[in-house]
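Input: a single structure, listed below in structure tokens.
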Amino acid sequence: MQQNPLEVQQSLESDPTIGEDHFAKDTLERYSGCAVSEFCSNLILTNFPRYVECFANKRKIPIYEGAMFKVAHAKEEDISILDFKIGSPAAALVVDLCSFLPVKASILLGMCGGLRRRYKVGEYLVPVASIRGEGTSSFYFPPEVPALANFLMQRAVTETLDDEHSIYHIGITFTGNMRFWEFNEEFKDRIKFSKAQAYEMECATLFIASYKRKFTLGALLLISDLPLNRNGVKTKNSSEYVFQNFMEDHLKKGENILIRARKMQENLIKGAYHRNIGMGKKPQK
């Protein structure tokens, strides 16, 4: 006989084991379609299911999909990848859930609209901070708290890009909730006045939530369009061009960044949150 929903709820409320940790892991399993034990200690976050598919197909590993997320786990490399969809609420959710996993290093591989004329599609942007224009981050901290990327992770990002002689820019992004803003002149003026180098929809929330949760998270953004330039907005054809020409390199850089970040943590290089300290020993002189 099917149990009454009210009885189920009362059972959960009376069970002392249903704490935040249990609830978060249970939710993550429901949203990802796999057990939390499958997750590795290095995590790639992305907004694109095609990134997960590319990552999994290259390694011939299974893809799991639940109520919200699409994930794959490369056990030999100790790297999981998770597509959390688009927007600041989803960004907040994925950090809240994954912060209960034994993840030591995490990197967002996202895309952004470049806001400088000299930028080119396919170049990278390393965000050191984000303007909190989305609203969701206010649930974690008041407006005066800056949304900063994790220092150790962004150091790993720039060192990896330098080693690979990649073209990249460093700056701040404007994180907003408005997707169809390219034709809103008032909002465009606000973007220009902010002096932000790129527009995207997740970084400020990810940085603020990870700071709250002490979750070591950085970001490497691919410039996918130039929305302030005439005919620079992203279209179906231009989006496909970006996936075909830059996705694999973006993914490979993410993997290399995680490897570098873990080595930095093992050598006790400063910058990771305290939950990740003590992973190794200081190198002997």
Side-chain angles (χ1 to χ4, degrees), residues 44-48 86-88 91 95 105-137 141 143-179 181-182 184 187-211 216-230 232-234 238 242 246 249-250 253-254 256-258 260-261 271:
I44 294 174
L45 296 177
T46 183
N47 310 117
F48 308 104
I86 296 173
S88 56
V95 171
S106 182
I107 185 76
L108 167 71
L109 300 182
M111 296 187 190
C112 64
L115 303 179
R116 296 291 184 272
R117 294 186 184 278
R118 67 181 184 278
Y119 291 176
K120 295 180 180 179
V121 170
E123 295 177 345
Y124 290 103
L125 188 129
V126 182
V128 293
S130 297
I131 296 169
R132 296 170 57 185
E134 27 61 85
T136 306
S137 58
F141 288 105
E144 60 267 23
V145 178
L148 302 177
N150 179 262
F151 178 80
L152 180 138
M153 290 305 304
Q154 297 311 77
R155 178 175 172 182
V157 170
T158 56
E159 289 184 0
T160 299
L161 295 175
D162 285 336
D163 285 351
E164 299 179 8
H165 305 289
S166 301
I167 298 175
Y168 69 94
H169 311 278
I170 298 176
I172 62 172
T173 68
F174 189 106
T175 304
N177 280 332
M178 184 181 293
R179 180 60 190 89
W181 63 270
E182 291 89 343
N184 185 319
F187 189 76
K188 285 170 67 174
D189 288 340
R190 180 185 173 194
I191 296 289
K192 293 175 183 177
F193 184 75
S194 74
K195 299 298 184 182
Q197 278 84 2
Y199 181 90
E200 44 70 39
M201 301 180 70
E202 295 85 21
C203 281
T205 311
L206 288 170
F207 296 160
I208 281 286
S210 62
Y211 180 54
T216 302
L217 171 70
L220 174 62
L221 303 180
L222 178 66
I223 298 174
S224 61
D225 57 310
L226 304 168
L228 294 182
N229 295 358
R230 186 175 182 180
V233 297
K234 187 186 295 185
S238 67
V242 169
F246 307 114
D249 182 69
H250 199 190
K253 282 179 168 51
N256 292 341
I257 289 164
L258 289 173
R260 184 182 292 268

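Hydrogens, waters and symmetry mates are skipped; everything else that's a heavy atom, side chains included, is used. Model, not experiment: these values are computed from the prediction.
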Mind listing the closest non-hydrogen atom pair of Glu123 and Arg118 along with its distance? OE1-O, 4.3 Å

Got a second to check how far Ile131's CD1 is from Cys203's SG, nearest 0.5 Å? 12.0 Å

Could you tell me whether the side chain of Phe187 reaches within less than 4.5 Å of the side chain of Tyr199, counting heavy atoms only? yes

Without swapping roles, check the side chain of Arg132 against the backbone of Gly176 for a donor-acceptor pair under 3.5 Å. no

A side-chain contact here means heavy atoms from C-beta on lying under 4.5 Å apart; do Leu125 and Tyr119 qualify? yes

Any heavy-atom pair between the side chains of Gln197 and Cys112 that's under 4.5 Å? no

Donor-acceptor contact below 3.5 Å, side chain His250 vs main chain Tyr124: no

List the steps, then state whether side chain to side chain contact (heavy atoms under 4.5 Å, CB included) holds for Tyr168 with Thr158. CA-CA 9 Å; Tyr168 69 94; Thr158 56; 3.9 Å; yes

Test side chain to side chain contact (heavy atoms under 4.5 Å, CB included) applied to Thr175 and Glu200, step by step: CA-CA 5 Å; Thr175 304; Glu200 44 70 39; 2.5 Å; yes

Supply the atom-to-atom distance Glu202 CD to Ser130 OG, rounded to the nearest 0.5 angstrom. 10.0 Å

With heavy-atom distances below 4.5 Å as the criterion, would you say the side chains of Asn229 and Arg117 are in contact? yes

Looking only at heavy atoms, what is the nearest atom pair of Ser88 and Thr136, with distance? OG-OG1, 2.8 Å

As a quick check of understanding, evaluate side chain to side chain contact (heavy atoms under 4.5 Å, CB included) for Leu222 and Leu109, giving each step before the final call. CA-CA 8 Å; Leu222 178 66; Leu109 300 182; over 6 Å; no

Taken to the nearest 0.5 Å, the spacing of Arg179 CZ from Ile86 CD1 works out to 7.5 Å

For a quick check under 3.5 Å, do Asp225 and Ser238 share a side-chain donor-acceptor pair by atom type? no

Pairwise distance CE(Met153) to CG(Leu258) - rounded to 0.5 angstrom: 5.5 Å

Approximate separation, where rounding is to 0.5 Å, of Asn184 CG and Ile191 CD1: 9.5 Å

Please give me the minimum heavy-atom distance between Ile208 and Ala147, naming the atom from each residue. CG1-CB, 3.7 Å

Give a yes or no on whether Ile170 atom CD1 has more than 12 heavy-atom contacts from other residues, nucleotides or ligands under 6.0 Å away. yes

Rounded to the nearest 0.5 angstrom, the CG-NZ distance for Leu161 and Lys253 is 6.5 Å

Would you say that Lys188 contacts Leu228 through its side chain, given a criterion of any heavy-atom pair below 4.5 Å between the two side chains? yes

At their closest point, which heavy atom of Ala129 faces which heavy atom of Leu148, and how far apart are they? CB-CD2, 3.6 Å

For the residue pair His169 and Ile223, establish whether any side-chain heavy-atom pair is separated by less than 4.5 Å. yes

Those residues that, when tested against Thr160, pass side-chain contact (heavy atoms from CB on, under 4.5 Å) (two or more places apart): Glu164, Asn256, Ile257, Arg260

Ser224 vs Val121 side-chain heavy atoms within contact, under 4.5 Å: no

Tell me the closest heavy-atom pair linking Leu115 and Pro227, and the distance in Å. CD2-CG, 4.1 Å

Measuring only between side-chain heavy atoms, which start at C-beta, is Pro127 closer than 4.5 Å to Gln154? yes

Please lay out, stage by stage, how Leu217 and Asn150 fare under the test side chain to side chain contact (heavy atoms under 4.5 Å, CB included). CA-CA 6 Å; Leu217 171 70; Asn150 179 262; 5.5 Å; no

Residues in ring-ring contact (aromatic ring centres under 6.0 Å, His included) with Phe48, at least two apart? Tyr51, Phe243

